Amino acid sequence: MDSTNAAPRPTPRSSLDWLAAIFLIAITLLFGCRDISAGGLGWSDAPQHTMNGAFILDFIRDFPLGHARAWANEYYLRHPAIGLVVYWPPGFGIVEAAFFAIAGVSIVVGRFAVVAMAAGAIVLVYALTARWFDRRTGLFAALLLLACPHGQLWLTDVLVEWPATFWTLLTVWLYCKCRESARAWPAYATAAAFVMAVLTKQTAGFIGPVLLAHALLDPLARARMMRAASIISGCLAAAVLAAYFLFARRYAGLTGRLIDFDASDPFYYFAKLGETAGWPMTLLAAIGIFSLIRSRTIPSGGLLPLWFLTWTAFASLIAAKEPRYFFFALPPLAIWAASCCGIYLARVSIGAIVTALVTALLLVSAWRSPPPRLPRYDVAVRALLNRGDADLVLVDGVRDGQFVVDTYTDPVARDRLIPLRASKLLYARPSRERFGLKEFVHSPQDVLQLLDRYGIRYIVMESALPTTHYTEADPPARAILRETVADSSRFELLTSWPLRCADPAWNDVELRLYRYRNCPPRTADQITLPIPGMSADVTIPLPPPAHPN
């Protein structure tokens with residue numbers, strides 16, 4: 001069996017590689033930038049990822065070293081859609097902040113940051129596959145990953161699936177360079193890429209043990225690993241990550257619950273292959289694996305099966321299961337699917353013809369299914385700006401983060417409006433209700449007392465839960481709020497906007513703006529609000545009254 005333990009024969013880089021890279025970048029940008037300025041953010045995490053980048057950029061601009069914690073607390077209360085440290089490390093936020101610094105903070109730029117990193121990941125799939133197989137197989141592997149259902153899905157929103165995969169692939173590519181080269185820089189670069197992978201999405205750390213195990217099994221890699229540069233770079237990476245997680249453990253209380261062991265559904269992700277990879281790519285991958293086993297060759301030196309099996313086992317045995325968590329396993333599947341190119345019959349590459357046909361059909365299908373953009377909530381922001389007494393605004397809904405982003409990206413609203421999320425004041429949930437829902441109101445009277453206490457005059461809310469199986473997104477406190485504002489003697493429905501869009505789940509949902517008729521007058525120019533996640537109260541200044549436009 002050929003496991004390629006010997007030093008690989010270097011494939012000279014040629015103009016074909018540059019042409020392939022340019023083509024792959026262009027087609028990724030073509031798919032990823034389609035309708036990039038349309039609509040708002042879809043996934044509930046996307047507003048937080050967007051605001052994470054804005055937070056880092058503003059922190060660098062203000063550089064509040066003498067009062068960093070107070071600055072961060074006030075920033076969070078002014079723009080309460082930030083998930084740094086509590087949910088996500090700062091890796092993607094740092095990259096996103098660089099894009100924002102160049103082109104400004106907007107949903108479009110946030111999306112483009114994801115697309116740009118996806119283009120880098122696609123090129124790396126080509127480079128790795130060309131290294132292990134050939135250029136034609138590399139081109140098909142890259143296109144298959146781009147065209148598969150989740151390859152397209154995570155191009156459309158500001159999420160970390162593609163960015164984390166980019167850093168993971170870069171770590172693997174640099175590891176291969178480190179295995180081939182006696183120079184020191186690949187070792188340090190591999191360590192840096194691994195740190196960025198983990199600081200983009202914690203679970204990307206799985207690639208570290210995978211590469212370590214491969215190095216221990218591979219004689220050449222094992223020899224490279226014993227060099228001073230490899231040892232020093234590994235220690236530096238471990239020190240940086242240890243320092244971050246020691247700092248974060250005080251705030252990041254969710255991580256441990258997300259990786260609780262649960263082996264009750266070990267075949268969850270295999271049942272979801274049609275949704276994540278798509279059945280055409282899955283079938284090609286099965287054929288490719290069978291062909292490689294039959295030919296008794298392991299072109300990647302065992303790295304691909306080790307990668308796929310490790311991540312699949314880990315993802316299948318933890319309690320937190322969602323189809324998107326399987327994304328790290330898709331690059332090996334795409335490479336195996338493309339390896340069908342090597343099936344020859346009577347000097348005609350039947351495998352290449354089939355793979356090309358499937359790839360073309362997947363690309364056409366993806367192009368004919370434009371991204372389903374959900375509406376923005378900037379109409380509500382503009383309506384509030386037209387009212388001179390709007391400052392504190394209670395926001396409730398599964399897309400309350402969209403209102404926060406739309407407030408921040410409007411320069412006037414950023415200074416005038418302070419969104420208060422009902423998911424912080426009326427109830428609190430760490431990512432998912434099953435991890436510990438806390439409700440702070442139990443009757444309409446409790447809601448009225450809260451509005452009076454803080455002087456909240458305006459409420460922006462979704463009229464109902466969209467059609468979804470995730471019914472726990474509508475806890476009892478939200479029903480109490482809807483019951484409270486239905487009292488027309490106390491609340492005035494100023495206007496509403498239908499949220500009907502390409503996603504039929506929103507057909508019967510409206511965005512509504514209410515005014516609390518009995519709101520007590522302001523008696524102070526500041527307000528003290530709680531931060532439940534930090535068990536702290538923070539006082540922030542209120543904007544001065546404005547005249548209606």
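No hydrogens, no waters, no symmetry mates; every other heavy atom, side chains included, goes into these values. Here the structure is a predicted model, which means the values were calculated and not measured.
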If every non-hydrogen atom of L212 is compared with every non-hydrogen atom of M225, which pair is closest and at what distance? CD1-SD, 3.5 Å
Heavy-atom donor-acceptor pair, Q202 side chain to Y87 backbone, under 3.5 Å: yes
Taking the six-membered ring for Trp, are F206 and W311 parallel (under 30°), tilted (30 to 60°) or perpendicular (over 60°)? tilted
V404 and P47, any side-chain heavy atoms less than 4.5 Å apart: no
Between K201 and F327, is there a side-chain heavy-atom distance shorter than 4.5 Å? no
Approximate separation, where rounding is to 0.5 Å, of D157 CG and W43 CH2: 9.0 Å
Which is it for W132 and L303 under the side-chain contact (heavy atoms from CB on, under 4.5 Å) test, yes or no, and what are the steps along the way? CA-CA 10 Å; W132 293 327; L303 181 53; 3.8 Å; yes
Report the C-alpha distance between D218 and R179 in whole Å, list the side-chain angles of each, state the deciding distance to 0.1 Å, and finish with yes or no for salt bridge (charged side-chain N to carboxylate O under 4.0 Å, His left out). CA-CA 10 Å; D218 181 274; R179 179 179 178 271; 3.0 Å; yes
Please check this pair: side chain of D503 against backbone of W506, looking for a donor-acceptor N/O pair closer than 3.5 Å. no
Test item: S316 side-chain N/O and A313 main-chain N/O as donor-acceptor pair under 3.5 Å: no
At their closest point, which heavy atom of V405 faces which heavy atom of M51, and how far apart are they? CG2-CG, 4.0 Å
Is there a donor-acceptor contact under 3.5 Å from the side chain of N52 to the main chain of G83? yes
Ignoring hydrogens and geometry, is there a side-chain-to-backbone donor-acceptor pair from T200 to A164 under 3.5 Å? no
Taking the six-membered ring for Trp, are F308 and F270 parallel (under 30°), tilted (30 to 60°) or perpendicular (over 60°)? perpendicular
Closest contact, heavy atoms only, G53 versus A97: O-CB, 3.5 Å
Take a 6.0 Å sphere around CZ of R34 and say whether it holds more than 12 heavy atoms from other residues, nucleotides or ligands. yes
Output, in order, the C-alpha distance, side-chain angles, deciding distance and verdict of side-chain contact (heavy atoms from CB on, under 4.5 Å) for L57 and F99. CA-CA 10 Å; L57 177 61; F99 280 84; over 6 Å; no
Closest approach of L169 and A121, non-hydrogen atoms and distance? CD1-O, 3.5 Å
So CZ of R183 and CZ of R227: to nearest 0.5 Å the spacing works out to 10.5 Å
Check: residues 353-366 side-chain donor-acceptor pairs under 3.5 Å, at least two apart:
| from | atom 1 | to | atom 2 | distance (Å) |
| --- | --- | --- | --- | --- |
| T355 | OG1 | G351 | O | 2.7 |
| T359 | OG1 | T355 | O | 2.7 |

Closest non-hydrogen atom pair between P323 and T276, with its separation: O-CG2, 3.4 Å
Atom pair NZ (K272) and CD (E322), whose distance is rounded to the nearest 0.5 Å: 10.5 Å
Taking atom types as modelled, find out whether Y268 and D262 have a side-chain donor-acceptor pair closer than 3.5 angstrom. no
With distance as the sole test, does R136 use its side chain to make a donor-acceptor pair with the main-chain N or O of C341 at under 3.5 Å? yes
Less than 4.5 Å apart, any side-chain heavy atom of V195 and any of W167? no
Find out whether W154 and T165 are in side-chain contact, i.e. whether some heavy atom of one side chain is under 4.5 Å from a heavy atom of the other. no
Hey, could you give me the OG1/CH2 distance between T28 and W162, rounded to the nearest 0.5 Å? 7.0 Å
Could you check whether any side-chain heavy atom of T467 comes within less than 4.5 Å of a side-chain heavy atom of P504, counting everything from C-beta outward? no
Minimum side-chain heavy-atom gap F92-L159 below 4.5 Å: no
Could you give the side-chain donor-acceptor pairs of residues 122-130 under 3.5 Å, partners two or more places apart or in another chain?
| from | atom 1 | to | atom 2 | distance (Å) |
| --- | --- | --- | --- | --- |
| Y126 | OH | D17 | OD1 | 2.7 |
| T129 | OG1 | V125 | O | 2.7 |

Side-chain contact, heavy-atom cut-off 4.5 Å: S339 with L292? yes
Mind listing the closest non-hydrogen atom pair of D265 and K321 along with its distance? O-CE, 3.7 Å
side-chain contact (heavy atoms from CB on, under 4.5 Å) between R376 and T409, intermediate numbers included: CA-CA 12 Å; R376 293 187 63 175; T409 53; 3.5 Å; yes
How long is the straight-line distance from CG of L41 back to CZ of R373, given to the nearest 0.5 Å? 9.0 Å
Rounded to the nearest 0.5 Å, how far apart are CG of L284 and CD1 of I289? 11.0 Å
How far apart are the C-alpha atoms of R111 and V114, what are their side-chain angles, what is the distance that settles it, and do they pass the side-chain contact (heavy atoms from CB on, under 4.5 Å) test? CA-CA 5 Å; R111 286 174 178 158; V114 172; 5.8 Å; no
For H49 and W88, take the angle between the two ring planes, folded into 0 to 90°, and tell me which bin it lands in: parallel under 30, tilted 30 to 60, perpendicular over 60. tilted
Does a side-chain heavy-atom distance below 4.5 Å link V115 with L155? yes
Y175/H214 aromatic ring centres below 6.0 Å: yes
